[in-house]
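Structure, as structure tokens:
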There are 2 protein chains.
Amino acid sequence: MPRTTIHDIAKALNTSAATVSRALNDHPSISEATKVMVRVTAKQLNYQQNRMASSLRSGKSMVIGVIIPSAEISFFGSVIHGIEEVAKARGYNVLLFQSNERYQQEVQGIQTLLQSNVDGIIASIAKETTHYSHFLEAKRRNTPLILFDRAIEDLGVSTVVIDDYKGAYMATEHLVEQGYRRIAHIAGPSHIKIFHERLRGYVDALSANKLVVDEDLIVYGKVSIDSGRERMNQLLQLDLMPDAVFAVEDFTALGALQAIKETEFHQPGQIGLVGFANEAFSAYITPSLTTVDQQTNIMGREAAQLLLNAITGNANTETLPQKIVLDPKLVVRDSSRPPDQ
Amino acid sequence: MPRTTIHDIAKALNTSAATVSRALNDHPSISEATKVMVRVTAKQLNYQQNRMASSLRSGKSMVIGVIIPSAEISFFGSVIHGIEEVAKARGYNVLLFQSNERYQQEVQGIQTLLQSNVDGIIASIAKETTHYSHFLEAKRRNTPLILFDRAIEDLGVSTVVIDDYKGAYMATEHLVEQGYRRIAHIAGPSHIKIFHERLRGYVDALSANKLVVDEDLIVYGKVSIDSGRERMNQLLQLDLMPDAVFAVEDFTALGALQAIKETEFHQPGQIGLVGFANEAFSAYITPSLTTVDQQTNIMGREAAQLLLNAITGNANTETLPQKIVLDPKLVVRDSSRPPDQ
DNA sequence: GTGAAAGCGCTAACAT
DNA sequence: ATGTTAGCGCTTTCAC
């Protein structure tokens, strides 16, 4: 059984497909009476628009593409949620593509989304990615692109990020205020900007508080639980051990916490700890983890908003790339309690 | 600048669009030589297929739609991941739709996906949903549908679930084996089948182990942290308190754990606890939570597999709805340690 | 092995 | 306010 088309409706009403199309799209030049008739008949015949046909003709697909490293990371799940809310409210659907942190898959993602004629793309860059020309392909095709969180600026595209520098600064200063003095940092790969920014925030917060920046207290990890554990163990071997640790993100902090728990030191009390991301688990572990909230939902909503503006916005007005920087929020919990006397 | 079409390629090679189309689709009746020429020229001209046009003509969109309650729940994020892996490997894309646990949004999701001509749909039912006719719309449109986890059987569609009964049975029996005797259950809404099955598993495991099923020890919650906490407090008020709790899922268990921690009882030792779902946080909290793993990634992969088979499978062969039941795995951690003497 | 022609379902000029 | 016509880019009979 073939599905109902606008021609079927037209036939039933002794009118033309064009009128039906206009009526359904609420075109101003169609009389109220006709619109009502069309809508009623459409419902009767159980008409469902064929979006492919509409898209092919109009050049707009009402779909936005989203590329994320993995839906399994709660951070991205939460951002997607935000994107989807805004998109849906404005009649757009979300086509999802995961890069699995792979450069090749990211490139393929852009291609596939462009082939699917998405009206715009929102992406966060894979860990593996170090060059970015594939994103320019979207520009060449005149498809608006927004990057979030793991963003790169020199592409000349709009971005939504949080102020990683500030978040790290706040986190570090918080440890200082709590009374810690030898504060270590488990950093992430410096080629990824957000991680580098966090390192900078850490360093500057120490300096601003007249604490020496000790190179031994900065170790580089791979942003994972295991890596956090390893790096923490390395820090615990030092002759002059740290009395607190600022970890580049929560999974790293979790690994560090596990490492500390395996020693005779207590956490908190002897070793203060702060993470970054406010991952779901951070509130539930013991001790609960002090961390920096990244405003994931807002990030998704803002990214979607920016994109939709770019899509619907006047193409004539040469809009410069915008940069939205969200304010991180320090979430103080137990892991950064002041040190014991 | 307009994008390259097959006509451009045809013109460049002094051939026809039909030949180009066939060559690009590796049609058997095209000579190798022509195929090579076409492919080379396509690359030169930076040709990208227009999938909308292709879909409109061929009736296949190479897109599968997925409806989940929320991408923010790690369970669903993980399932999506599995779906996407399989889909991508077979050339399909994933169009995502969140119902936010709302019936209305679920109905709209089905509609939108059908309008988008997706080749098939994978869905997990919203908490709010109590009637299911909207799913039949997919059938009427001949669009294959697979339900996972929160599934309903009488629709006559294929499903992928885990054996909730068995998982609950294992969880409960595990507590018995550890030496607990008064085992309570914080249940979920019974109209959702998976929760009802878990209740059944709990009851049967007790009976099979010659323990009385005490109605006072079965309380009904709303499947959330707060609800878990409330129900646990209720259980703690009982004259004959339970010595262990099997919670309907991990968030409920987490709430229960928090409630216990606020008392003088210790957990584990005095009160055993088991959850369900193996949510990410369950491994990280203290004590780590014994729980039942739901094989999320496999669930996603199996669902995608089933769907793709239904899509590509011979439509003549009247395939009966299949039901894949995955085996739950008990994950023993600290929260169910044997009781102190 | 390749080309000509038709048409998927819709929208948008251009008519009236 | 409505109808006519053309065509988005592709696939697919049907020819040869």
Side-chain angles (χ1 to χ4, degrees), chain A residues 1-39 41-42 45-63 91 114-119 141-142, chain B residues 1-39 41-42 45-63 91 112 114-119 141-143:
Chain A
M1 71 217 90
R3 67 196 262 208
T4 313
T5 74
I6 50 173
H7 292 102
D8 300 326
I9 300 176
K11 207 169 295 172
L13 289 174
N14 246 312
T15 177
S16 73
T19 302
V20 173
S21 172
R22 288 194 273 249
L24 291 171
N25 289 309
D26 209 22
H27 190 103
S29 74
I30 297 286
S31 74
E32 245 343 286
T34 316
K35 283 183 187 173
V36 171
M37 289 303 296
V38 168
R39 281 199 278 260
T41 318
L45 299 181
N46 192 28
Y47 169 77
Q48 299 274 86
Q49 187 196 45
N50 183 332
R51 291 190 176 215
M52 313 239 93
S54 162
S55 299
L56 181 60
R57 180 63 236 245
S58 68
K60 343 185 47 332
S61 65
M62 297 306 277
V63 172
L114 289 178
Q115 288 180 357
S116 301
N117 274 10
V118 295
D119 290 341
R141 277 275 302 274
N142 252 320
Chain B
M1 70 217 88
R3 67 197 262 209
T4 313
T5 74
I6 50 173
H7 292 102
D8 300 326
I9 300 176
K11 207 168 294 171
L13 290 173
N14 245 310
T15 177
S16 72
T19 301
V20 173
S21 172
R22 290 194 189 103
L24 290 171
N25 290 308
D26 210 21
H27 191 103
S29 76
I30 296 286
S31 73
E32 241 349 281
T34 317
K35 282 183 186 171
V36 172
M37 290 302 299
V38 167
R39 282 198 278 259
T41 318
L45 299 181
N46 192 28
Y47 170 76
Q48 299 275 85
Q49 187 196 45
N50 183 331
R51 291 188 177 218
M52 313 239 92
S54 161
S55 299
L56 180 60
R57 180 62 234 247
S58 69
K60 342 186 50 326
S61 65
M62 297 306 278
V63 172
T112 305
L114 289 177
Q115 288 180 356
S116 302
N117 273 12
V118 296
D119 291 342
R141 277 274 302 274
N142 251 320
T143 304

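So that the names make sense, note that chain A is the first sequence line, chain B the second, and so on, each numbered from 1.
Residues A:D119 and A:G59 come closest through the heavy atom pair OD1-O, 4.3 Å. Between B:T41 and B:A12, the shortest heavy-atom contact is CG2-CB, 4.0 Å.
Residues passing the salt bridge (charged side-chain N to carboxylate O under 4.0 Å, His left out) test with A:R39 are A:E32, sequence neighbours excluded. Residues passing the side-chain hydrogen bond (donor to acceptor under 3.5 Å, both in side chains) test with B:N25, sequence neighbours excluded: none. Annotation: side-chain hydrogen bond (donor to acceptor under 3.5 Å, both in side chains) contacts of B:D26 (sequence neighbours excluded): B:K35. Applying the side-chain hydrogen bond (donor to acceptor under 3.5 Å, both in side chains) criterion to A:S116, with sequence neighbours excluded, gives no partner residue. Residues forming a side-chain hydrogen bond (donor to acceptor under 3.5 Å, both in side chains) with B:R22 (at least two apart in sequence, or on another chain): none.
In this structure, the separation between CD1 on A:I9 and CG on A:L24 is 5.5 Å, given to the nearest 0.5 Å. Atom CG of B:L114 is separated from atom CG of B:N142 by 11.0 Å, given to the nearest 0.5 angstrom.
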Review point. Between A:T34 and A:T15, is a side chain to side chain contact (heavy atoms under 4.5 Å, CB included) present by the stated rule, with each step listed?
Key: CA-CA 10 Å; A:T34 316; A:T15 177; 5.6 Å; no
Exercise for review: Under the side chain to side chain contact (heavy atoms under 4.5 Å, CB included) rule, what do B:D8 and B:T5 come out as? Steps first, then yes or no, please.
Suggested key: CA-CA 5 Å; B:D8 300 326; B:T5 74; 3.7 Å; yes
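Among residues at least two apart or in separate chains, there is no salt bridge (Lys or Arg N to Asp or Glu O under 4.0 Å) pair with a member in residues 9-18 of chain A. Among residues at least two apart or in separate chains, side-chain hydrogen bond (donor to acceptor under 3.5 Å, both in side chains) pairs with a member in residues 47-57 of chain A are A:R51-B:Q115.
Annotation: proximity of residues 27-35 of chain B to DNA chain D (heavy atom, distance under 4.0 Å) is found for no residue. Taking every heavy atom of residues 8-15 of chain B and every atom of DNA chain D, no pair lies under 4.0 Å.
With a heavy-atom cut-off of 4.0 Å to chain A, the contacted part of DNA chain C has its first and last nucleotide at C:dG9 to C:dA13.
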Review point. Using a cut-off of 4.0 Å between protein heavy atoms and nucleotide atoms, how would you tag nucleotides 10-16 of chain D 5' to 3' with B, S and -?
Key: BBBBB--
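In the helix from C:dG1-D:dC16 to C:dT16-D:dA1, the end axes, each obtained as the rotation axis mapping the C1' atoms of four pairs onto the next four within a five-pair block, lie 30° apart to the nearest 10 degrees.
A side-chain donor from one of A:N117 and B:R3 sits under 3.5 Å from a side-chain acceptor of the other.
Between the B:S21 side chain and the B:A17 main chain, no donor and acceptor come within less than 3.5 Å of each other.
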